[in-house]
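What follows is a short report on a single structure.
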Amino acid sequence: MIDYSAMVKKAERFGVHLQNEQLKMLDKYSDLLVDWNTRINLTAITDPEGIMTRHFEDCIAILKFVEIPEEASIIDVGTGAGFPGMVLKIVRPDLKLTLLDSLNKRINFLSAVSEQVGLSVNTVHLRAEEGGKMPEYREKYDFSIARAVSNLRELAEYCLPYVKIGGKFVSMKGPDVLDEIDAAKPGIGTLGGKIESINDYHISDGSGRTVIVVNKMKSTPAQFPRPSAKIKKKPL
């Protein structure tokens, strides 16, 4: 069980005021995460303090750096155990959320969470590069978000095709990523994006984090995203 008063303080560090119902949802999410993690690999972090800080607080932090309008459409690409998308949905139930992952076991977990916590989310079992080519997903979202997955050069190719012109791609990273960002800038431009901001912060255990916000300036050329093997072998 998470410590409600501690979770309130962690969220308030980033300007988010959690209500009791939201705390109950986060608590249920935490319980389900630990339970399902005994059967499928979802996270290495299973203690209540770790879940509150390194998962929930870290996901909530994005709201300090990214202005997300009411009822914005968001796709969380390679969502894994639902971070940051499911946490954002709990905090901002107005958001229209799609959770995309290539592993069906994770999608089953997320469907169970959404049902038991009482949230309406769309779960999609697809590889990111497949979904980015499909008309029902391509350039249909106000935001695509990804947390701590591939190198930014590769990640941009997976995520920017989902974003409408005028929307944003948000990448959540660890600290010391300036070299990675510099290397990714040409490819981001090729994909129709332009870096808007780079935001460094610390969560309450002292760990450094970075949120990179990319504006979608023009349509992504039709040849992107390429197959995963090509993205990895020859990143933009």
Side-chain angles (χ1 to χ4, degrees), residues 7-8 10-30 32-33 51-52 55-101 106-107 109-126 128 131-132 134 136-149 155 158-172 193 196-197 199 201 209 211-216:
M7 190 65 242
V8 166
K10 291 176 190 295
E12 286 180 344
R13 295 180 70 241
F14 298 98
V16 173
H17 307 288
L18 293 173
Q19 304 300 313
N20 194 55
E21 189 62 30
Q22 293 168 321
L23 291 164
K24 289 179 181 177
M25 289 180 173
L26 290 172
D27 197 18
K28 183 64 175 176
Y29 187 3
S30 174
L32 290 167
L33 180 68
I51 290 170
M52 285 193 299
H55 285 324
F56 296 164
E57 180 188 345
D58 189 30
C59 294
I60 286 169
I62 194 174
L63 294 170
K64 181 176 181 179
F65 306 109
V66 185
E67 185 177 348
I68 304 178
E70 286 285 314
E71 298 188 359
S73 56
I74 295 180
I75 184 165
D76 183 352
V77 179
T79 183
F83 305 122
M86 191 70 80
V87 177
L88 294 178
K89 179 70 173 178
I90 289 171
V91 176
R92 288 279 308 275
D94 61 285
L95 299 177
K96 298 172 183 175
L97 176 66
T98 296
L99 300 170
L100 182 144
D101 201 87
R106 295 192 195 114
I107 292 298
F109 164 70
L110 295 168
S111 297
V113 171
S114 62
E115 181 180 343
Q116 294 190 43
V117 171
L119 293 172
S120 176
V121 304
N122 182 33
T123 53
V124 179
H125 175 219
L126 278 175
M134 296 169 68
E136 60 263 49
Y137 304 116
R138 187 177 180 88
E139 298 191 337
K140 291 294 192 290
Y141 296 90
D142 298 311
F143 294 85
S144 69
I145 296 179
R147 178 181 184 245
V149 287
L155 195 59
Y158 288 120
C159 292
L160 270 167
Y162 289 99
V163 184
K164 299 174 183 176
I165 297 171
K168 300 179 191 293
F169 157 47
V170 181
S171 174
M172 303 179 69
E196 174 190 283
S197 64
N199 309 277
Y201 64 98
R209 297 286 191 271
V211 166
I212 304 140
V213 183
V214 177
N215 285 331
K216 183 73 172 281

Greater than 12 external heavy atoms within 6.0 Å of Glu136's CD
yes

Less than 6.0 Å separating the ring centroids of Phe14 and Tyr201?
yes

Roughly how far, to the nearest 0.5 Å, is the NZ atom of Lys89 from the CG atom of Leu97?
6.5 Å

Using 0.5 Å steps for rounding, measure from the CE atom of Met52 to the CG atom of Asp27.
9.5 Å

Residues Leu126, Tyr137; criterion side chain to side chain contact (heavy atoms under 4.5 Å, CB included); working and verdict
CA-CA 11 Å; Leu126 278 175; Tyr137 304 116; 3.7 Å; yes

Any donor-acceptor pair under 3.5 Å linking the side chain of Glu71 with the backbone of Asp94?
no

Check the pair Arg13 / Glu57 against side chain to side chain contact (heavy atoms under 4.5 Å, CB included), numbers first and verdict last.
CA-CA 9 Å; Arg13 295 180 70 241; Glu57 180 188 345; 2.5 Å; yes

Could you please spell out the steps behind the side chain to side chain contact (heavy atoms under 4.5 Å, CB included) verdict for Gln116 and Leu32?
CA-CA 9 Å; Gln116 294 190 43; Leu32 290 167; 3.6 Å; yes

Any donor-acceptor pair under 3.5 Å from Asp76 side chain to Gly85 backbone
yes

Do Phe109 and Leu33 have side chains that get closer than 4.5 Å, going by heavy atoms?
yes

Close side-chain approach of Leu160 to Ser144, heavy-atom, < 4.5 Å
no

A side-chain contact here means heavy atoms from C-beta on lying under 4.5 Å apart; do Phe143 and Pro69 qualify?
yes

Look up atom CZ in Arg106 and atom CG in Asp101, then write down how far apart they are to the nearest 0.5 Å.
4.5 Å

About how many Å separate CD of Gln19 and NZ of Lys24, when rounded to the nearest 0.5 Å?
12.0 Å

At their closest point, which heavy atom of Ile90 faces which heavy atom of Gln22, and how far apart are they?
O-NE2, 3.2 Å

For Gly80 against Leu110, the heavy-atom pair lying closest together:
O-CD1, 3.7 Å

Nearest 0.5 Å please: distance from the CD1 atom of Ile60 over to the NZ atom of Lys10.
10.5 Å

Would the distance check show the side chain of Glu115 and the main-chain N or O of Ala112 forming a donor-acceptor pair, the cut-off being under 3.5 Å?
no

May I ask you to test the Val77-Tyr162 pair for a side-chain heavy-atom distance under 4.5 Å?
yes

Distance in Å, Ile75 CD1 paired with Leu100 CG, rounded so as to fall on 0.5 Å steps:
5.0 Å

Flag side-chain contact, heavy atom, 4.5 Å: Lys64 against Asn199:
no

Check for a donor-acceptor pair, side chain of Lys216 on one end and backbone N or O of Val163 on the other, with a separation under 3.5 Å.
yes

Within a strict 4.5 Å, meaning less than it, do heavy atoms of the Leu18 and Met7 side chains meet?
yes

Search all heavy atoms of Ala128 against all heavy atoms of Tyr158 and return the closest pair with its distance.
CB-CD2, 3.8 Å

Would you say NZ of Lys140 has more than 12 non-hydrogen atoms from neighbouring residues, nucleotides or ligands within 6.0 angstrom?
yes

Side chain Thr123, main chain Leu99, donor-acceptor under 3.5 Å:
no

When every non-hydrogen atom of Pro84 is compared with those of Arg147, the smallest separation belongs to CD-CB, 3.7 Å

Looking at Asp142, is its backbone amide N or carbonyl O close enough to the side chain of Ser73 to form a donor-acceptor pair, meaning the two atoms are under 3.5 Å apart?
yes

Using a 3.5 Å distance criterion without hydrogens, assess whether the side chain of Ser114 forms a donor-acceptor pair with backbone atoms of Ser111.
yes

Looking at side-chain heavy atoms only, is the closest gap between Ile145 and Leu88 below 4.5 Å?
yes

Side chain of Glu12, backbone of His17: donor and acceptor closer than 3.5 Å?
no

Would you say the side-chain atoms of Arg92 pair up with the backbone N or O of Val87, donor to acceptor, closer than 3.5 Å?
no

What's the verdict on side chain to side chain contact (heavy atoms under 4.5 Å, CB included) for Val214 and Val170, showing C-alpha distance, side-chain angles and the deciding distance?
CA-CA 6 Å; Val214 177; Val170 181; over 6 Å; no

Do the side chains of Tyr29 and Phe56 get nearer than 4.5 Å, heavy atoms only?
yes

